[in-house]
Participant: 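First the structure, then my questions, so here it is.
Below, each value reflects all heavy atoms present in this structure, side chains not excepted, and no hydrogens, waters or symmetry copies. Residue numbers begin at 1 in each chain, while the letters A, B, ... track the order of the sequences.
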2 protein chains.
Amino acid sequence: MDGNMLEQLIERYEMATFSVNRSLHVILRDRMPAQLTIEQYGVLRYIESRQLCHSSDLAEFMCVGKSAITAIVTRLVDKGLVGRKPDDRDRRIIWLYLTPEGKRMVADCKAAIGRMLAGYIGYFEEKEALGFIETYEKLAAVMAEDERRNRE
Amino acid sequence: MDGNMLEQLIERYEMATFSVNRSLHVILRDRMPAQLTIEQYGVLRYIESRQLCHSSDLAEFMCVGKSAITAIVTRLVDKGLVGRKPDDRDRRIIWLYLTPEGKRMVADCKAAIGRMLAGYIGYFEEKEALGFIETYEKLAAVMAEDERRNRE
DNA sequence: GTGATATAGTTCAATAATGAAACTGTATCA
DNA sequence: TGATACAGTTTCATTATTGAACTATATCAC
């Protein structure tokens with residue numbers, strides 16, 4: 001790939017990413033049920049995927065400090081969506097879990113997001129959509145690997 | 001496209017987007033010169049692209065309220081990167097522009113981001129990268145159109 | 001065993017982004 | 001000229017975030 005082409009691709013990628021992210025952010029913000037912020041939804045979604053997890057996992061996953069997680073989780077506990085439960089063996093560890101209300105909330109949000117994305121993905125041919133996702137996943141993997149390497 | 005395939009694509013897209021955005025965010029945060037936040041960089045970049053612009057343009061572009069822009073611009077003015085200049089004819093309007101330092105800062109950031117993206121895009125064949133970008137741009141257009149329609 | 005050290009999570013203070021509502025000044029229009 | 005529209009700011013409350021100090025608990029080396 002010659003330098004000029006690369007430069008153009010970078011420019012186009014920057015623009016497209018910025019635009020898609022901005023749109024997604026606005027759409028999510030507007031359609032997210034009941035004053036859930038996007039960060040809060042991310043935390044709920046992660047806990048759901050793990051059933052049980054601790055603050056440190058979340059901090060690693062969200063790429064923020066543990067004190068940021070404490071703040072978000074406290075708000076979710078106040079809303080009755082998440083519970084805290086100390087571990088029996090190692091009392092330093094506090095397990096986080098979704099309350100029944102929390103589970104219901106995640107299901108609602110997932111459905112709303114699914115409907116929205118289905119609308120967009122529906123615009124594309126299956127072949128184009130598949131190719132796109134595959135490249136996107138490769139990019140995600142390359143970036144994650146790079147990030148991991150940088151942390152060492 | 002059948003429902004099952006669609007559901008899988010949505011799941012994969014959600015994951016990939018989340019992962020790429022998180023990585024980009026961390027990488028930008030760490031490599032961005034001199035305590036510039038990503039929002040601040042977005043504002044600088046937009047002003048650069050327009051030479052002159054006002055708060056309202058920026059609010060529209062960033063999809064936030066005008067008071068959020070006032071706050072960000074004030075911080076950038078304090079840092080000496082942006083200037084404010086009232087319009088001669090319509091004194092309600094205040095033009096924003098980059099100071100020489102602001103221009104230098106944007107150039108530095110663009111170079112840093114370009115180097116980073118070049119590293120990632122370099123992993124792909126030209127054909128794959130081109131196809132990806134094209135689909136991404138289509139997606140951006142569809143989303144922007146939808147958003148525009150929703151605002152009406 | 002006991003003291004040093006590591007770990008999990010919280011608290012606190014500061015900075016930033018944001019929305020909403022009230023407000024200031026200016027322009028426009030009937 | 002008076003009502004209205006518009007551009008931008010101010011103020012206030014909420015949320016997210018970092019980083020440092022801190023608490024409580026576990027582990028490890030001697």
Side-chain angles (χ1 to χ4, degrees), chain A residues 18 21-22 25-32 34-44 46-47 50 52-79 81-97 151, chain B residues 21-22 25-26 28-30 32 34-47 50 52-79 81-97 151:
Chain A
F18 190 87
N21 280 344
R22 208 188 39 195
H25 198 270
V26 170
I27 294 165
L28 283 181
R29 194 181 55 196
D30 295 348
R31 304 202 189 168
M32 202 60 99
Q35 30 274 18
L36 265 195
T37 67
I38 291 167
E39 283 80 9
Q40 287 170 11
Y41 175 66
V43 166
L44 291 180
Y46 183 80
I47 298 177
R50 297 302 181 95
L52 279 178
C53 74
H54 10 137
S55 278
S56 306
D57 299 340
L58 268 168
E60 164 111 11
F61 175 68
M62 305 279 286
C63 297
V64 298
K66 288 185 298 176
S67 59
I69 299 298
T70 298
I72 296 178
V73 167
T74 298
R75 283 176 207 116
L76 292 172
V77 171
D78 290 346
K79 289 180 185 180
L81 303 175
V82 167
R84 286 183 166 112
K85 179 174 70 178
D87 186 274
D88 290 331
R89 306 225 196 114
D90 187 336
R91 311 262 313 269
R92 290 171 305 183
I93 295 176
I94 292 185
W95 293 101
L96 303 173
Y97 60 92
R151 259 208 310 279
Chain B
N21 280 345
R22 208 189 39 195
H25 197 271
V26 170
L28 283 181
R29 194 182 55 196
D30 294 348
M32 202 62 97
Q35 29 275 16
L36 266 194
T37 68
I38 290 165
E39 283 80 9
Q40 288 170 12
Y41 176 64
V43 167
L44 291 180
R45 195 84 159 70
Y46 183 80
I47 298 177
R50 297 303 180 94
L52 279 178
C53 73
H54 6 139
S55 279
S56 305
D57 300 340
L58 267 168
E60 163 112 10
F61 175 68
M62 304 279 287
C63 296
V64 298
K66 289 186 297 178
S67 59
I69 298 298
T70 299
I72 295 177
V73 167
T74 298
R75 282 178 206 114
L76 291 172
V77 171
D78 289 347
K79 289 181 184 180
L81 304 175
V82 168
R84 287 182 165 111
K85 178 174 67 178
D87 186 273
D88 290 333
R89 307 225 195 114
D90 186 338
R91 311 259 316 267
R92 291 172 304 184
I93 295 175
I94 293 185
W95 294 100
L96 303 174
Y97 59 92
R151 258 207 312 278

Participant: Starting at atom CD of Gln40(B), determine the distance to atom C1' of dT18(C), rounded to an integer number of angstrom.
Facilitator: 14 Å
Participant: In whole angstrom, give the distance that lies between atom CZ of Arg22(A) and atom C1' of dT18(C).
Facilitator: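 The distance from CZ of Arg22(A) to C1' of dT18(C) comes to 17 Å, rounded to the nearest Å.
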Participant: Provide, to the nearest angstrom, the distance between the CD1 atom belonging to Ile38(B) and the P atom belonging to dT18(C).
Facilitator: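 Answer to the nearest Å: 11 Å.
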Participant: Please list, chain by chain and in numerical order, all residues satisfying side chain to side chain contact (heavy atoms under 4.5 Å, CB included) with Asp57(A), sequence neighbours excluded.
Facilitator: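 Checked Asp57(A) against side chain to side chain contact (heavy atoms under 4.5 Å, CB included); matches are Tyr46(A), Cys53(A), His54(A).
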Participant: Rounded off to whole Å, could you give me the NE2-to-C1' distance for the His25(A) and dA17(C) pair?
Facilitator: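 The answer, rounded to whole Å, is 10 Å.
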Participant: Regarding Thr74(A), tell me which of base, sugar-phosphate or nothing describes its non-hydrogen contacts under 4.0 Å with the strands shown.
Facilitator: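 Answer is nothing: Thr74(A) stays at 4.0 Å or more from every strand.
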Participant: What is the 5' to 3' range of DNA chain D, first to last nucleotide, that sits under 4.0 Å from any heavy atom of chain A?
Facilitator: dT15(D) to dA26(D)
Participant: Between protein and nucleotides 26-30 of chain C, what N or O pairs are separated by less than 3.5 Å?
Facilitator:
unit_1  : atom_1 : unit_2   : atom_2 : d
dA27(C) : OP1    : Arg89(B) : O      : 2.8
dA27(C) : OP1    : Arg91(B) : N      : 3.1

Participant: Hey, are the side chains of Val43(A) and Leu96(A) touching, using non-hydrogen atoms and a 4.5 Å cut-off?
Facilitator: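 No; the side chains remain at least 4.5 Å from each other.
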Participant: Compare the minimum distances between each of dT10(C), dA17(C), dA8(C) and the side chain of Thr70(A), then state the nucleotide with the smallest one.
Facilitator: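 From the listed options, dT10(C) comes nearest.
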Participant: Applying ring pair (Phe, Tyr, Trp, His ring centres under 6.0 Å), can you list everything that pairs with Tyr41(B), at least two apart in sequence or on another chain?
Facilitator: none
Participant: Indicate whether OP1 or OP2 belonging to dT15(C) is found under 4.0 Å from a side-chain N or O atom of Gln35(B).
Facilitator: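 Negative; the distance criterion is not met.
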Participant: I would like to know whether Ile47(A) and Leu58(A) meet side chain to side chain contact (heavy atoms under 4.5 Å, CB included); could you show each step before the answer?
Facilitator: CA-CA 8 Å; Ile47(A) 298 177; Leu58(A) 268 168; 4.3 Å; yes
Participant: Measure from CD on Glu39(A) to C1' on dT18(C) and round the result to the nearest Å.
Facilitator: 12 Å
Participant: Find the distance Glu60(B):CD to dT18(C):P and express it as a whole number of Å.
Facilitator: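 It is 15 Å, rounded to the nearest whole Å.
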Participant: For residues 61-78 of chain B, tabulate all N or O donor-acceptor pairs below 3.5 Å that involve a side-chain atom, not counting sequence neighbours.
Facilitator:
unit_1   : atom_1 : unit_2   : atom_2 : d
Thr70(B) : OG1    : Lys66(B) : O      : 3.2
Thr74(B) : OG1    : Thr70(B) : O      : 2.7
Thr74(B) : OG1    : Arg84(B) : NH2    : 3.1

Participant: List in chain and number order the residues that pass side chain to side chain donor-acceptor pair (under 3.5 Å) with Lys79(B), two or more places apart in sequence or in another chain; answer none if no residue qualifies.
Facilitator: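 Residues passing side chain to side chain donor-acceptor pair (under 3.5 Å) with Lys79(B): Gln40(B).
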Participant: For Arg50(B), I'd like to know if atom CZ has over 12 heavy atoms of other residues, nucleotides or ligands within 6.0 Å.
Facilitator: no
Participant: Look up atom CG in Asn21(A) and atom NE2 in His25(B), then write down how far apart they are to the nearest 0.5 Å.
Facilitator: 10.0 Å
Participant: Who are the ring pair (Phe, Tyr, Trp, His ring centres under 6.0 Å) partners of Tyr97(B), not counting sequence neighbours?
Facilitator: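 Ring pair (Phe, Tyr, Trp, His ring centres under 6.0 Å) list for Tyr97(B), sorted by chain: empty.
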Participant: Does Asp87(A) have any side chain to side chain contact (heavy atoms under 4.5 Å, CB included) partners at least two apart in sequence or in another chain, and if so, which?
Facilitator: Arg89(A), Asp90(A), Ile93(A), Trp95(A)
Participant: List in numerical order all residues of residues 52-59 of chain A for which some heavy atom is under 4.0 Å away from an atom belonging to DNA chain D.
Facilitator: none
Participant: Using a cut-off of 4.0 Å on non-hydrogen atoms, how would the nucleic acid contact of Ile69(B) be classed: base, sugar-phosphate, or nothing?
Facilitator: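 It contacts nothing in the nucleic acid.
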Participant: Tell whether Ser67(B) reaches the base of dA20(C) with its side chain through a donor-acceptor pair below 3.5 angstrom.
Facilitator: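 Check passes, donor-acceptor contact within cut-off.
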Participant: Is there a side chain to side chain contact (heavy atoms under 4.5 Å, CB included) between Ile94(B) and Lys85(B)? Walk through the geometry before answering.
Facilitator: CA-CA 5 Å; Ile94(B) 293 185; Lys85(B) 178 174 67 178; over 6 Å; no
Participant: Grab the CD1-C1' distance between Ile72(A) and dT11(C) for me, whole Å please.
Facilitator: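 In whole Å, dT11(C) C1' and Ile72(A) CD1 are 16 Å from each other.
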